Each structure stands twice: as structure tokens, then as C-alpha cells.
Amino acid sequence: MSTIDSTQLTAPKIRGAFSSKSMQDIGTGTTKRRVVQTFLYYAEENDIGDIILRTLNENHVPSGPEQIITKDELLESFTPEMELYTKSVFPAMRELGKSLAKAERQRQLGNVFTAEMKYNEALAFDENSIRANFGIGLCYLKRNEAAKALDIFKRLISLDAAFEDKHKHLFNAFGISLRKNHLFSEAVDFYSKALNYSTDDENLFFNIARSLTELGNKNDAYEYLNKCLAINPDFTEGKKLKTFLSKK
């Protein structure tokens, strides 16, 4: 009979709702008093064993920037909230995921009005949802609603999480859509913000160069193209654009 090597057994990853408490002074003088404040979080263990921590909003879904802590820090400073997770957090996250999945499917099918409605459902759960903000912005750009798209652009460019690697396909699509809608300055600003998080992506340098070309800024376009081709000398579109600019 075969036996199971205990080293092959993988412990389940931590995932759930947690709380932390802190004492705060309220008021001044004779009215001053100490109160206990409770903060709620969603914690999820990543592939290397660290814990990704995000605040739970009033709808009980994780929202806002991520904080990375160790498993020991989680176990020492936070209290598991199993009932909250089971009854509120997990169902809310599931509904948010369903709305986003339906929205993205409708957008890919070209049904942008239906997609917008579903993205708005997702934003009702979490107004800072990166996927929902990108998605609804792409719907506005598809319909050439520049003013609405620019409002989304301003929101996204203020959210650092929008430029994380896991959202790369979304911010690339959004930046390209900005350019296709002749919002060239905004496209440059958008891709430049992305460079703060990814300095070795030839596509970012190329997209900035292409937008600068549309703005008539040939010298700066050359500079970004050179950076693009330094990373990937075989980047075909970059070489084509450089040849085009050299003939102007």
C-alpha cells in the first residue's frame, strides 16, 4: 500500500475576513474619552506565503490599495471573522464578480450599453473597482463620449492599483482607446504613469512615442522610440514608426 509523503501535502491558503481594534481618544479636556475602534479587512495568502490585506468597505467587499503583511503579523494582530465572511463578505464578492463577468462579456460582444449597466452594478459594490472603472471607461470611449471618458481617466490615473501588472491588459486597452479617440495628451499622461510601475515594457514606450507623434512632438517621440528599441531591437512597429518619422 502506498503512503503519502507529508511534504507533498499543501496546507490550504488563508482567505477570509479579519478585524483589528485600536484605542483612540475622542474629545478634549473634561469630555475626553477613550473608545475602541474596529477595522475590518479581507485577507488572502499569495503564492509566496505573504498576506494581501485590503479594507472591507460598507458593502463588505475588499476595496482600496493592497497592503502586504506576513502570516505571523496577521495571526498576531488580527482576529478571524468567520461568520462575517460566510454571511456577508463571500456573498458580496461573488455578486461583484458576477456583475464584472457579465459586463466584460457584453463589452466583448459589442453591447456597450448593457455592459455599462453591469459595470455600474459592480461600481455600486465598489466604486474603486479597477476592472469596473476601466470597463466603463472603455464603453464611453467606444461610444465617443469623451467628457465621460475623461472623468474615468482622472479617476484611474489617481489609483495606483490601476497600473499593477495584473491589470496590464486593461490599461493597455484603455490607453490605446484614448489615442484612437484623439485624446493624445491624456494617452501620454496615462502611459507615463504606467512607466512608474513598469520601466522595461517596450510597448509603453512605443505607445507614448506614437501619441507624441500625433501631437507633432517629433523629438520626444524619437526619444521614446529609442528607449523602446533599446529594450527590444526587433520591435517591428517601433522600427516602422522610426522610419516614418525619419522621412518627415
Side-chain angles (χ1 to χ4, degrees), residues 10-28 31-104 115-137 151-152 154-171 174 193 196-197:
T10 303
K13 290 183 178 180
I14 293 173
R15 180 183 292 112
F18 289 78
S19 65
S20 71
K21 292 179 169 49
S22 68
M23 299 292 293
Q24 298 217 346
D25 293 327
I26 303 295
T28 59
T31 64
K32 185 176 180 180
R33 68 186 189 280
R34 304 208 85 185
V35 297
V36 178
Q37 286 195 310
T38 301
F39 300 92
L40 298 173
Y41 300 90
Y42 173 73
E44 185 169 355
E45 186 177 351
N46 63 18
D47 291 337
I48 61 174
D50 288 331
I51 302 297
I52 302 171
L53 200 67
R54 296 178 72 197
T55 303
L56 288 174
N57 68 13
E58 65 275 9
N59 297 313
H60 294 122
V61 298
S63 182
E66 296 177 350
Q67 178 185 353
I68 304 296
I69 63 173
T70 66
K71 195 180 298 185
D72 286 342
E73 287 176 308
L74 179 73
L75 298 177
E76 288 172 6
S77 304
F78 297 83
T79 302
E81 300 287 347
M82 296 182 65
E83 185 175 4
L84 174 68
Y85 178 71
T86 303
K87 292 186 176 180
S88 300
V89 177
F90 179 74
M93 290 177 65
R94 182 176 55 196
E95 290 305 310
L96 172 60
K98 285 181 181 178
S99 293
L100 285 168
K102 290 176 182 176
E104 286 164 0
E116 180 187 350
M117 180 179 68
K118 292 299 177 182
Y119 281 125
N120 276 319
E121 286 181 7
L123 288 171
F125 280 99
D126 177 16
E127 64 180 11
N128 292 320
S129 167
I130 303 301
R131 287 169 62 189
N133 276 290
F134 269 125
I136 204 166
D151 284 340
I152 298 296
K154 292 173 185 175
R155 184 184 304 172
L156 284 168
I157 208 166
S158 70
L159 297 173
D160 290 342
F163 299 94
E164 294 173 355
D165 276 350
K166 63 184 176 183
H167 299 305
K168 184 171 285 189
H169 68 290
L170 287 170
F171 73 65
F174 191 76
K193 176 73 179 282
N196 293 331
Y197 303 89

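Just so it is clear, the model here is predicted, and its values are computed rather than measured. Note that these values count all heavy atoms, side chains included, but never hydrogens, waters or copies made by symmetry.
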query = Checking Lys118 side chain against Lys102 main chain: does a donor-acceptor pair fall under 3.5 Å?
reply = no
query = Salt bridge or not for Glu44 and Arg15, using N-O below 4.0 Å?
reply = yes
message = Once you measure the plane-to-plane angle for Phe134 and Phe174, does it fall in the parallel (<30°), tilted (30-60°) or perpendicular (>60°) bin?
response = perpendicular
inquiry  = So if I apply the side chain to side chain contact (heavy atoms under 4.5 Å, CB included) rule between Tyr41 and each of Ile51, Thr55, Leu74, which one comes out positive?
reply    = Thr55
query = Under the side chain to side chain contact (heavy atoms under 4.5 Å, CB included) criterion, do Phe18 and Leu40 qualify, and how do the steps go?
reply = CA-CA 6 Å; Phe18 289 78; Leu40 298 173; over 6 Å; no
task = Dump the intermediate steps for side chain to side chain contact (heavy atoms under 4.5 Å, CB included) on Tyr85 and His60, then the final yes or no.
result = CA-CA 9 Å; Tyr85 178 71; His60 294 122; over 6 Å; no
request  = Give the minimum heavy-atom separation between Ser77 and Ser20, together with the two atoms involved.
outcome  = O-CB, 3.8 Å
note = Here the gap from Leu53 atom CG to Ile68 atom CD1, rounded to the nearest 0.5 Å, amounts to 8.5 Å
note = Phe171 and Ala162 have their tightest heavy-atom pair at CD2-O, 3.5 Å
request  = To the nearest 0.5 angstrom, please state how far the CG atom of Asn128 sits from the CZ atom of Arg54.
outcome  = 8.5 Å
Whether Thr86 side chain and Glu83 backbone form a donor-acceptor pair below 3.5 Å = no
message = For Phe163 and Tyr197, take the angle between the two ring planes, folded into 0 to 90°, and tell me which bin it lands in: parallel under 30, tilted 30 to 60, perpendicular over 60.
response = parallel
key: Sidechain-backbone polar pair: Asn59 side chain, Ala124 backbone, donor-acceptor under 3.5 Å   = yes
message = Applying side chain to side chain contact (heavy atoms under 4.5 Å, CB included) to Asn120 and Glu116, what does each step give before you reach the verdict?
response = CA-CA 6 Å; Asn120 276 319; Glu116 180 187 350; 3.8 Å; yes
remark   = Taken to the nearest 0.5 Å, the spacing of Phe39 CZ from Leu56 CG works out to 13.0 Å
request  = Quick one: pull up CD1 in Ile130 and NE2 in His167 and give me the separation to the nearest 0.5 Å.
outcome  = 5.0 Å
key: Atom CD of Glu127 with >12 non-hydrogen neighbours under 6.0 angstrom   = no
key: Shortest non-hydrogen contact between Ser19 and Glu81, atoms and distance   = OG-OE2, 2.6 Å
ask   = So how far is it from Leu156 CG to Asp160 CG, rounded to the nearest 0.5 Å?
value = 11.5 Å
Distance-only criterion, 3.5 Å: show the donor-acceptor pairs between side-chain atoms of residues 91-99 and protein atoms not counting sequence neighbours.
{"residue": "Ser99", "atom": "OG", "partner": "Glu95", "partner atom": "O", "Å": "3.3"}
{"residue": "Ser99", "atom": "OG", "partner": "Glu121", "partner atom": "OE1", "Å": "3.4"}

note = The reported gap from CG in Leu159 to NZ in Lys193 (rounded to nearest 0.5 angstrom) is 7.5 Å
ask   = Taking all atoms of both residues into account, what is the closest heavy-atom pair of Leu123 and Ala132, and its distance?
value = CD2-CB, 3.6 Å
